[in-house]
Every structure is written in C-alpha cells, then in structure tokens.
Amino acid sequence: MAIEITFPDGNVKAFDAPVTGMDIARGISPGLAKKAAVITVDGEQWDLSRPIDRNAAISIITRDKPEALEVIRHDAAHVLAQAVQELFPGTQITFGPATDVGFYYDFARDTPFTEADLEAIEQRMRDIVKRDLPITREVWAREAAIAHFEAQGESFKAEWIREGIGADEELTIYKQGDNWLDMCLGPHLPSTGKLGSAFKLIRVGGVYWRGDANNAQLQRIYGVCFANDDELKAYLKQVEEAEKRDHRKLAKQLDLFHQQEEAPGMVFWHPKGWAIWQAVEQYVRGVYRDSGYQEVRGPQIMDVSLWKKSGHWDNYHENMFFTESEKRTYAVKPMNCPGHVQIYNAGLHSYRDLPIRYAEFGGCHRNEPSGALHGIMRVRAFTQDDGHIFCTEAQVESEVTAFHRQAMKVYEDFGFTDLSIKIALRPDKRLGSDAVWDRAESALRAALRAAGVEWTELPGEGAFYGPKIEYHLKDSIGRAWQVGTMQVDFMMPERLGAEYVDEQSQRQHPVMLHRAIVGSMERFIGILIEHHAGSLPYWLSPVQAVVAPIVSDADGYAGEVTQALRQAGVRVQSDLRNEKINYKIREHATQKVPVIVVVGRKEAEERTVTLRLRGTEQQETLPLADAVRRLVDGV
RNA sequence: GCCGGGAUAGCUCAGUCGGUAGAGCGACUGAUUCGUAAUCAGUAGGUCGCAGGUUCGAUUCCUGUUCCCGGCACCA
C-alpha cells in the first residue's frame, strides 16, 4: 500500500513504506536535510525521525523559520535538564517548556544552584550540543513509564503521569543519546547539535511544583535562546537598554521620589515627582468632567462592620490594615466603592437620575505580600482614578462602551497604543448565582463587541463580586501591568442597600460599575517613566524649562525671563550658578529637561532668548514674547 | 508569604584572607565670567542596614531581624 505525501507546492509523491521527515528532506537535498528542524504533518508538528504511515500533506520547517524557534527553545530546556543531571546527580527533573524569549526547566534539588553553577551548567550544555546526540521519540506504556521514573527516583515525573495525564493519552518519551530521557509531548530537533550556540542561562529562581504555594518548592533555571548568535546578541543588548529605563533608577537620577524602610510599599514623592503626578491628575480630572462624573471624597477609615457587609472582610481581611479606637475596629479602606455607595445612599434616587457617576482620586491601602512589592508599580498605599457608575441593567452596555472609548483615548494621549484587553471571568470564590454571572459576563462581551475590539478571556480571574475588563500595559522589560479596569457588579448594591425607584414606584437595586483608567496613579506614573525612558512629553515634564545665563551679567535678565515664563504657567527654573554654559547644558540635558533657555549678554541687550530643545543640538534665537508663546503652546 | 541573592559617604562603586575604610561624581569654600554635554584648587562628609554572638579585637565570621533585588505565589 502506497503512502501519498503532498508537498506544499501541491506535488504528490508516493512511498512504498512509512517514511520519516528526514527521509523526505534527504530525498530533496542534503542541504535541506541539514537545515531541517521539524516537519508539519497535516498541520501538526512532528519530529523528523517519526515515521509517517498515512497519506498526509507535509511541510518541512527549516531551522531559520519562526515556527522552528519554539522547538529549538524547547530543546534547549531538555539539554539544560540533561546537563544538570550529569553535573548534579540526584537532581529530579519536572517540566521545562519554551518561553517568549527562551526556556526554563524546573528542578527538585535540596542545595540551591549558584551563579557559578549556572556557568558550569551552560558549559555542559554546550558540550552536549557538541556531542550531537540523536533525539529519538518512543511511545511507552503508562505503567512502564511510572515504573521507570520511580526506579530512577523521579517522583515528580511519576506523580505527573498518575495525576496529570489521562489513562487514554499517548505517553511519549524522548531520548537524548542512550543514557538520558525525559517524558515530553515534543516535537524535538533530530539531534542536540541542531540546537546551535545562541543560548545563555540568565537566572535561577524559586517556583512551586504545579504552581501551587502549598506544594514543594523547586528551582527554576531560566535561559534565553535564539536561532542564531546575532539575535541573541540583539536581545541581550535590548535587555541592557531596558534596564536603564527602570523607573526606580530613573526616579533616583531625576529626583522624583524615594521609598524607605519605615514605610515599605509606600512612596515619598519629591517635588519633581509630584509635579508629574499633578499633571496626570489634572488631566484625568478633565476626563472626569468631560465624561459626566461628579468628584466626591470618602473617609479613609470606616468601621469594620461595613467591610463585613460588603464581603471584603471575608475575602481580603488578611490583606487589609486595621486600626482601633475606643473599642471600635476600623479598616483602612482598600477600595473606594463602599464609600461611594454611602454617598449614593444618602439620598433617594429615581430611575430618572441614572446613571449617576461618582469619581474620586481615592487613596487606598492594601497589605500586599512583601514579595509582591516592586518600586511604585506594586505598593501598599496607592491612589486610584476610581469611579463608580450606578445605572440600570439596560444602561450597562452603553456605559461600558463609552468607558472603553474614553480609556483608549486617554492611553493614546499618554503615548500608549499597545494595550492588551482581557475579560476576567467568574472565580471559584464568588458571590451571587451563576445566572447573575452569566448576565454580567455577557454584558461585558457585548459592550466590547459593540466597541469593535478584540480581547482574550481569563477564566477564574474575576473579582469576587463580578467579572471585569482589564487593560494591560507592558513595562520596559516586558512585564505586563494592569492599568485600567471596568467591572460589572450586581452584588455590592444589594449588599450595601443601594436603591432607586423605578417607573412603577418600586424600589430596585441599581447595577454598579467599578472603573478606572490609569488604575493606580503610582503604577501609571511608573509605567510612564519607563515608557518614555524618563524623557516625559513636554506637558508631563516636571521641569519644562530651565533658564541658564552664560555670564553673571545676564542674571538679572534671566530672572525676568523666568518670571515671564512662570507667570505664563510654564514649570520653569533658573540656573544662576557660577558654572560654564557647557556644564549647565550637560546637567539639564542629563536631567531630561525639554527646553533649555540660554541667555547671554547679547540676549539681554536684544531682549531675546536662545532655545535648545531636548534631543537636538540646534539653537534658535527669538524674541522673549515669542518664546513665551511657544512654551505655553507646548513648544 | 516562599526560595535565592544583597545592604559600605548624598549618588555610583572599590575594599578589608578579622586590626574601626577609599575613589569618582555631588556638597561646601575660594579663584575663574568662560556662547551650547563636565573650569581649577582646597575642605568637609561614613557607629560599613539593625540587634545579638564568637573573638584581645567584628564593617569582615556566625545567628536573628528589617528592607531591597530576582523568581514563584498573591494582586478586590
């Protein structure tokens, strides 16, 4: 019986017996056989060594193709595992997948891996590559695999076969050479030599077996891996550049804020940092006003009974701060919504009043786990650009759609266009019936559909009171941070007794929408700093202009220029120090000031100024009045 | 919170195989008035994160602790 193989160009070739991808590649050209990484068989990636025993459409993927990269990285993980087991006998293997930029492998070993170990392991990996061990696929019986791993002392692998793999699933083993094997879905390269040299081990970190904090702690070794050395080099260069943008580093260099031991997870804003904050806050305040919100302000602490009623205490009391006075316990607010409900409840509302939109720059405290703290991106005291919309169920979709449009406009205004949008769906621990969750989730989907956007869904990640849309931004080294959110909540109004009177004079609970665009002001400013590498756009720059006289004879005129700009609303400083203009230019350029206003004797006599704009070396001399206008208009 | 690493002058960092520390920048003082990315000279500045222990002696070794960094878990 002949096997018909269809090539990508439509040609069909018949074979008398099962053939492997490698056979086919060799049949075409030795060069192709050398470059081949894997083969797709009817759209599915297979090993080149696996016999194709049926009619199939195939395509040989060479090593330089993007589709091959994941296979290469996955191979790197296995080579890493073999290297570790050769160097450190007794270390157990678990899992090791490819990642966006490389790979990792999780090991069980009592002794921690050190930096020096990483170097030795990487060397051994290169050695295994050099040995060019053939990688072969075998299908094993379930019991045989369990017996093998148990005999080897690989209890994690054995556990996974028992608990993680269905009895009817095929169990594949990959051998690297004769003496090492791992259980894996594959596919893999034909031999370790195909991995190449463009990989590097970068760090080791602790992880939990199967991602559960109740389980054993494993050690994860991370590596980066690319198809060739140039790509690896480019990647390492990019990481180096990204590290220079770290908001914690820039905050020190630019004197924006600091944090200290006595207030872990909290921020001391310096004048320049606070100027950025004010620019952001004033902008967002304008958004509130233009989109129909009324700004309000709730108390910072409220009796714990209110948080028990809302459900927050049950779900989050371990992460809340409490304070006591006169035998009463108060919670420092971790959210603004219960406060806003109190404001809503202070009056009687008609359906005609809805939607009612409250907004607040609400300061919240959450006792985040110490290991979660990260600069100003993840803190214990933060301020949300929070808002709550009280509306009818029929109004939800249009409110959510309007919010989405507004949010996207805000991100764009701050220079962000690369956002990912997610809907977090019902978690295991939640309030309310499935029917209510169905309605809430479909309301969010409908609104996003109406707005014409794409999203991904995160099952189990919603808030306990409702599902949410999340807007995610990436920081300079690729970590994603949630900024905005829109949550539909059918529960809180009922729990906290919010009502309105409907057309039939009946009391109803409104739907409550929780929403934020920048999210945490702290985090958003951190992302802004990294995104712009500290060179914030003119309108956000803490110091927009510095007036620098060349000689002290021009100090008086420099003072006049500074006054004129300040009165026009420009955030301006003067630099009258007894230093050369070169020195001043260098310093303010380093400080990323957008405009340096240079005045010498000539400018003082002619009542002009010379502007030097950030990022250029050009100078432009113009009359003072014109310069003021330029700076007011945003240069 | 868990695993690993770290903490030395305002900042960036060096150093002490145990004998109480050093550079550059910055600050201060003086000189210099110099037209677009660092003018010169001098001076001051540190209980080496904190608390115990070992030791004749600890910034160095040990223990604990706080905070920070990386990873995981968590993130209303």
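Letters A, B, ... are given to chains in the order of the sequence lines, protein chains preceding strands, and every chain is numbered from 1.
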Does A/Lys157 have any salt bridge (Lys or Arg N to Asp or Glu O under 4.0 Å) partners at least two apart in sequence or in another chain, and if so, which? A/Asp182
Between A/Phe322 and A/His317, ring centroids under 6.0 Å: no
Using the P atom on both, measure B/A14 against B/U54 and round to a whole Å. 32 Å
Can you tell me how far C1' in B/G22 sits from the matching atom in B/G46, rounded to whole Å? 11 Å
Ignoring hydrogens and angles, answer whether the base of [N] and the side-chain atoms of [X] contain a donor-acceptor pair closer than 3.5 Å.
X        : N     : value
A/Arg378 : B/C74 : yes
A/Tyr208 : B/G1  : yes
A/Glu603 : B/G35 : yes
A/Arg430 : B/A76 : no

What is the distance, to the nearest angstrom, from the [atom1] atom on [X] to the [atom2] atom on [N]?
X        : N     : atom1 : atom2 : answer
A/Leu373 : B/G6  : CG    : C1'   : 17 Å
A/Leu254 : B/C11 : CG    : P     : 15 Å
A/Glu318 : B/G1  : CD    : P     : 12 Å
A/Arg220 : B/G70 : CZ    : C1'   : 13 Å

Exam field: side chain A/Arg109 to backbone A/Thr111, donor-acceptor pair closer than 3.5 Å: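 Here the side-chain-to-backbone pair exists.
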Is A/Tyr316 stacked against the base of B/A76, taking the criterion as centroid distance under 5.5 angstrom and interplanar angle under 30°?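 Yes; centroid distance and tilt both under limits.
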Can A/Lys333 and A/Glu360 be counted as an ion pair, charged N to O under 4.0 angstrom?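 Here A/Lys333 pairs with A/Glu360 in a salt bridge, since their nearest N and O are under 4.0 Å apart.
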Dot-bracket for RNA chain B: what is it, with Watson-Crick or G-U pairs under 3.5 Å, [ ] where a pair crosses earlier ones, and | for a pair to another strand? (((((((..((((.....[..)))).(((((.......))))).....(((((..]....))))))))))))....
Can a donor-acceptor pair be found between the side chains of A/Gln342 and A/His340 at a distance below 3.5 Å?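 Side chains of A/Gln342 and A/His340: no pair found under 3.5 Å.
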Counting any heavy atom closer than 4.0 Å, what does A/Gln260 reach on the DNA or RNA strands: base, sugar-phosphate only, or nothing?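 No contact at all - A/Gln260 keeps every heavy atom at 4.0 Å or more from the nucleic acid.
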Checking A/Glu522 against A/Arg378 for the salt bridge (charged side-chain N to carboxylate O under 4.0 Å, His left out) test, could you report, in this order, the C-alpha distance in whole Å, the side-chain angles of both residues, the deciding distance, and whether it holds? CA-CA 8 Å; A/Glu522 285 80 359; A/Arg378 188 83 184 269; over 6 Å; no
